[in-house]
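Note sheet for the following structure.
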Amino acid sequence: MQGGDRTTFRWVAGALAVAAVGAAFVGAEFDVGRLTGAKAAHGGGMFLKECWPPRHDAEFLSLLAGATLDTLSVAFLGTLLAVAIGIPLAAMSSRNVIYGARFAGADTPPAGTARAVFVASRTFTAAFRSVPEVVWALLFVKAAPLGALPAILAIGVAYGGLIGKVFSEQMEDVAPSPVAALEAVGAGRVRTFAWGVLPQAFGPMASYAAYRFECAVRASVLMGFVGAKGLGFELQVSYGDFLFGEVFTETAFLIVLVILIEWASDAMRRRIA
Amino acid sequence: MSAATPVVHRPFPRTTAWVVAGLAAATALAVWRVQPDVASLLTLKTLTAFGDTFGRLWPPRTDAETLDNLRTGLAETASMSVVGTFLGALIGLLLMPFCAETISVRGALVDEEGRPRSRQALALSVHNAARLLANVLRTVPYFVWAMLFWFMVGPGAFAGALAIAVHTGGVIARNYAQALDQVDPRPALALRSSGARRFHVFLFGILPAARSALAALTLYRWEVNIRESTVLGLVGTVGLGFHMKYAIGIFDWKAASTHLVAIIALVLAVDALSSFVRKRLA
């Protein structure tokens, strides 16, 4: 019956998927006519025509260079904060750290303080990452309108949750024998973590942090739409004023920034790997 | 190795000092640039304001108007993500064979005796053009695509879905092509040498081996897109993100909370569904 069950599952899943996609097309008011009609061509043509010539005077370019630096700074400090939040959360969420090497793969942890810390830390990690970073920013901006800080905090909290989860997976993946050896000679939890777990997980952790920085740059641009300074803010202002020549230049800055960061992060990951 | 050679255990890479110096310099530059006002953040007043803000979120509002907004917002956000992923996957499937190196410029489908130089050059330029197109679609952020489509079809879920679709198409074409490039070439070579046509080799020698990877990549992208379609609402005027931004704008924290709960539930539900299906596929 195994084969029959599988086939039934596939048919039901397939039918549900088709129905869901169909419903989504209705929900999204999908209408090819609106995209190919004269109005769309007119609007799109106007947008593209207004893009040329892109604004490129020195004053504007130096404004955008400053905005780019703002965006990068927020992304960098946000990632740094996320790593600072993520490492302790990850350590407390890793069985081999909080329970010790012999529980590396155990499913049923022993009750007690360690278990309470483990559960609490995993709960916080999950809560931090279940809210998108821009939504965090929206809440933080209203609570404390302090310039770049809400954006940095938002990236720190949301990515702290993501990093906490991934770092903890990487920590639980390390070879158990060095950890057990340190425990055997009487090293405490902190030392076992610092000299047994961390060095082994260091490469993958650094590589994931670099990837998160890439994401943080994009996120930091978006923060501009909810009030933070940077390229996103400039983009929103220009778009709101229908200055598409400026939008074009800002988009070009964005693309170059994204490509450069991707390239740098790839290069770093290749060096570590 | 002689016994006298000292064995130095380095728990961390030798370059650590340089990396730490670089990170410190970058931190200093960033702090100098944005001047984060940590002193004001760590005052009792600000910390109370944080507490107040999050305290005001409870309980979420459940009156008819809020629930009505919630329903349309949920439908719009979910629809944008599904349509965007679906159309993006179609764009990806169309670009995929041209972006994959092992399909368009080398491998079983291409390598043969006496292939004219001009055909190889043509194949290479088509490959490069496809990759350039995918890179353009990918590196222009989805909210910039949304700006263009808002202008063409008006602000709304349709424009959002198109923006996500175009951006997803670029990202996923690259992912799909990488998956195809990793397929074991031997079945394709065997089919080709037994005289199968190129299209059949692709269909029966390469595609089946990549199928579950392609499905997993698509589902993973859907997880990303549900977040992007939420964010499009914060940038524009559609979906749960918009209703939440609007509620916060008029300081209606309890309505904002309703939409926030819905965003979290939707994101978690999509993650769970996607990972459930991915596990069954593997």
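So that the names make sense, note that chain A is the first sequence line, chain B the second, and so on, each numbered from 1.
Chain A forms the most heavy-atom pairs under 4.5 Å with one residue out of Q35(B), R138(B), R56(B), and that residue is R138(B). Among V140(B), L268(B), V277(B), the residue making the largest number of heavy-atom pairs under 4.5 Å with chain A is V140(B). When V153(B), T53(B), V82(B) are compared by the number of non-hydrogen pairs under 4.5 Å with chain A, V153(B) comes out ahead. Your options are E76(B), M147(B), M80(B), and the one with the most heavy-atom pairs under 4.5 Å with chain A is M147(B). If you tally non-hydrogen atom pairs under 4.5 Å between each of I248(B), L260(B), N135(B), I263(B) and chain A, the highest count goes to I248(B). Contact count versus chain A (heavy atoms, under 4.5 Å) is highest, among G241(B), A157(B), S79(B), for S79(B).
To the nearest 0.5 Å, atom NZ of residue K142(A) and atom CH2 of residue W253(B) are 6.5 Å apart.
Only the side chain of L87(B) comes within contact range of chain A, with at least one heavy atom under 4.5 Å from a heavy atom of that chain. Contacts of E250(A) with chain B are absent, with no heavy-atom separation under 4.5 Å from either backbone or side chain. Using a 4.5 Å cut-off between heavy atoms, L149(A) touches chain B through its side chain atoms alone. The part of L153(A) that comes within reach of chain B is its side chain, from C-beta onward, which places non-hydrogen atoms under 4.5 angstrom from that chain. Both the backbone and the side chain of L69(A) have a heavy atom closer than 4.5 Å to some heavy atom of chain B. Residue T251(A) touches chain B through its side chain alone, counting heavy-atom pairs closer than 4.5 Å.
The stretch residues 35-43 of chain A places L35(A), K39(A), A40(A), G43(A) near chain B, each with some heavy atom under 4.5 Å from a heavy atom of that chain.
Side-chain contact check for F76(A) versus V34(B): every heavy-atom pair is 4.5 Å or farther apart.
In this structure, the salt bridge (charged side-chain N to carboxylate O under 4.0 Å, His left out) partners of E169(A), at least two apart in sequence or on a different chain, are K165(A). For the ring-ring contact (aromatic ring centres under 6.0 Å, His included) test, residues two or more places apart in sequence or in another chain that qualify with F143(B) are F225(A). Every side-chain hydrogen bond (donor to acceptor under 3.5 Å, both in side chains) that D252(B) has, sequence neighbours left out, goes to R61(B).
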